[in-house]
Amino acid sequence: MTPAQASPPPSTITPPDRWPVTEQPLATGSPPRRHRPEPGGRRRQAGDGHHGPSLTRRLLQGPADDPRWARPALLVLLGVTALLYLWNLSASGYANSFYAAATQAGSQSWKALLFGSLDAGNAITVDKPPASLWVSGLSARIFGFSSWSVLVPQALEGVAAVGLLAATVRRTADVRTGLLAGAAFALTPVAALMFRFNNPDALLVLLLVGAAYATVRAVERASWRWLSVAGTCLGFAFLTKLAQALLIVPALGLAYLVAAPTGLRRRLVHLLAGLGTIIVSAGWYVALVDLWPAGSRPYIGGSTNNSLWQLALGYNGLGRIFGASAGSGAGGGGGGMGASFGGPTGITRLFAERMGGEISWLLPTALLALVAGLWATRRTPRTDARRAALLLWGGWLLVSGLVFSYMSGIIHPYYTAALAPAIAALVAGVGCGLWQVRDRRSARIALAAMVAVTGVWNHVLLDRVSTWLPALRWIILIGCLLVALALAFGAAGRPAAGRPGRLAVAFALATALGLGAGSTAYTLATVAQAHTGSTPSSGPAVASAQDGGPGRGTRGDFGGQPPTGPPGTTSPTTPTTSTTATTTGTTGTTPTTSSTATTTGTPSTTSSTGTPSTTGTSATSGTTQAAGDMGNGGGQRANSELVALLSKSTTTWAAATSGATTAAELELASGQSVIAVGGWDGSDPAPTLAQFQQWVAEGRIHYFVSGGMGGMGGNNGSTSTASRIATWVAAHYTATTVGGQTVYDLTAAASG
């Protein structure tokens, strides 16, 4: 064989022009490293003059061998995504008050920022690692604490994730496919919800997409360095949401093991290096927490022994999957808790009432695309780039989807945001590939089936909210079926080597519109609503036709938005509340022994933000909550008299109360540090009674607010630490009423 006849090295092989559908194998299998000019564009020169293109030109025009429209199209996609995620963002206030209070604490204390403390006094942390709080906390330090500084980081993370997914998909396909994947991802309802919210899921999804991008780069050249980048992304994803970050590891490992262009031994060694990178990039922080003297750092919320590692294995690990109590009241949800937020376990959970509207708009289509793509590439070489992409995205979707479907512990519908990149990549990748070879009957039938399945399933989902745009479901159904029939019978024409004809363009647009119409409409309805609380859900603000369980609310959707105010009221910062809400009472809250500690349900004055509120037994003036609600948002309805009292305090902690929700709302309203006794739901063994008594003796806690409650509305009975502290306070200090709320002044002389 002469040098001219030798095959090029794997890193420079150009992929095939057309998606393989028949038995004809791909000529090569490695991803593109030399991009060809695409129809409708022309190849640009690598540079101008002797100095190459300027930085501005490179940013605006992209790589020299891209078509002229590629970079402007990407910038339009990112700009529209930014507008979608930033539009009227402050309407949600602080969104999830639990994480917003931790962001506020991080803006006031560097130690609180490092550990993810719920309070600036560093009594206890949130029940997640702090990586997402590092981002929002730094934002609040730089720009000042506000709704925007809390929520904008997640929106920007969403824009970055969309761009990164587009870049990932184009490496194994082409520019058009990457852009379509990015658009499908951006217009997934649960993705738009999470990128406009301050839960850790936004950063988690960005890091997962980053790991996928690095893995694709690693597969191209069998690069252990890129595999280490993927491991680093996964390590920091672990520091964002612990075990959920590891669900995509099997898919990334399988793609590299199968397709990397090197020997098996080197592939295994590289995978071990990537695994080591995950351990190092996550383990440094776990070691830091364990080695730091426990007496000089906050208690790790959600754990039973003040250990981040136990939190990862217990409450946020096996406890979530198997539903067994992880030793923390927060983690002891059991199978019932899993079902109450995510619906009954089983293979249909992702399609059912609670999760269907969040993620399943293109889920059946993605599964069909995965089967079609694997069949089409069954005879291609081992290193085939498109099959490697199918293994990556398909493995991601199947493993994560099955875990979400069968989790028996606490699960929320918004967890499914982690499935959105895989679904978008599969639908766009296989759909565009089939479109390229639509002259083949098998490709036309597969593509028509994808469109028809989308139309039928979107009709079913929209029928669940039949009072919202009732004609839309019929338009999508009929339109998709007509497009599917036309595609099956070849009405879209044959692929052309040059510019596509007008008929082909029209059919391409109709196909894309049919696949994305339902998801897009639901996403726009999601963006139009304010979202607060700890159980946000996507969709329009209409009453649900189905019987709601705990956590269901006003979205007419499949996950439930917690009510955030008195029934029948609205405010600029909260959505309309649900008729399923019930006024928070004393059930499950910290008990007291003194009759004077019982608070009343008299009406209160307006809150510190002017929003009307109803006084009850919580420190938030009796904010109404749905059964199973895990907190409301923003702190807009905190007891204004109590807030004014706490604002004058100069002690380390202005107050202490049972549970994180009440403490968080008082912190947000007053700007002061408040101890969440017992952590999230009042069941954590922190602070201990002895520690609390010491802090009181040292004059570090000013007030104790009675009747606070955790996110789950209970503290595991009278034997919990929170109950013992409440009993001790009620027995030794005199209760007073502030704005209808029972308060004890711990700096006054003890009464007994």
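Note that the numbering runs from 1 along the sequence shown for the chain.
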Mind checking side chain to side chain donor-acceptor pair (under 3.5 Å) for [X] and listing every partner two or more places apart, or none if nothing turns up?
X: T168; result: none
X: T262; result: R266
X: H270; result: Y256
X: Y85; result: none

Residues in salt bridge (charged side-chain N to carboxylate O under 4.0 Å, His left out) contact with R267, at least two apart in sequence or another chain: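 Checked R267 against salt bridge (charged side-chain N to carboxylate O under 4.0 Å, His left out); zero matches.
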Side-chain polar contacts of residues 446-455 - donor-acceptor pairs under 3.5 angstrom, sequence neighbours left out - could you list them?
residue, atom, partner, partner atom, Å
T454, OG1, T365, OG1, 2.5
T454, OG1, M450, O, 2.8

Residue pairs involving residues 510-523 (criterion salt bridge (Lys or Arg N to Asp or Glu O under 4.0 Å); sequence neighbours excluded): none
Going by atom type alone, with no hydrogens or angles, which donor-acceptor pairs under 3.5 Å involve a side-chain atom of residues 181-192 and a protein atom two or more places apart or on another chain?
residue, atom, partner, partner atom, Å
T188, OG1, A184, O, 2.9
T188, OG1, F185, O, 3.4

4.5 Å side-chain heavy-atom contact, L370 and L374: yes
Min side-chain heavy-atom separation E358-Y522 under 4.5 Å: no
When the side chains of residues 393-403 are checked against the rest of the protein, which donor-acceptor pairs come out under 3.5 Å, sequence neighbours left out?
residue, atom, partner, partner atom, Å
W396, NE1, A418, O, 2.8
S400, OG, W396, O, 3.2

For Y414, all residues meeting ring pair (Phe, Tyr, Trp, His ring centres under 6.0 Å), sequence neighbours excluded: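 Residues passing ring pair (Phe, Tyr, Trp, His ring centres under 6.0 Å) with Y414: H412.
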Set of residues satisfying ring pair (Phe, Tyr, Trp, His ring centres under 6.0 Å) with respect to F351, sequence neighbours excluded: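 Scan of F351 (ring pair (Phe, Tyr, Trp, His ring centres under 6.0 Å), adjacent residues dropped) gives W457.
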Non-neighbouring partners of R444 that pass side chain to side chain contact (heavy atoms under 4.5 Å, CB included), sequence neighbours left out: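 R444 satisfies side chain to side chain contact (heavy atoms under 4.5 Å, CB included) with R438, R441 once adjacent residues are dropped.
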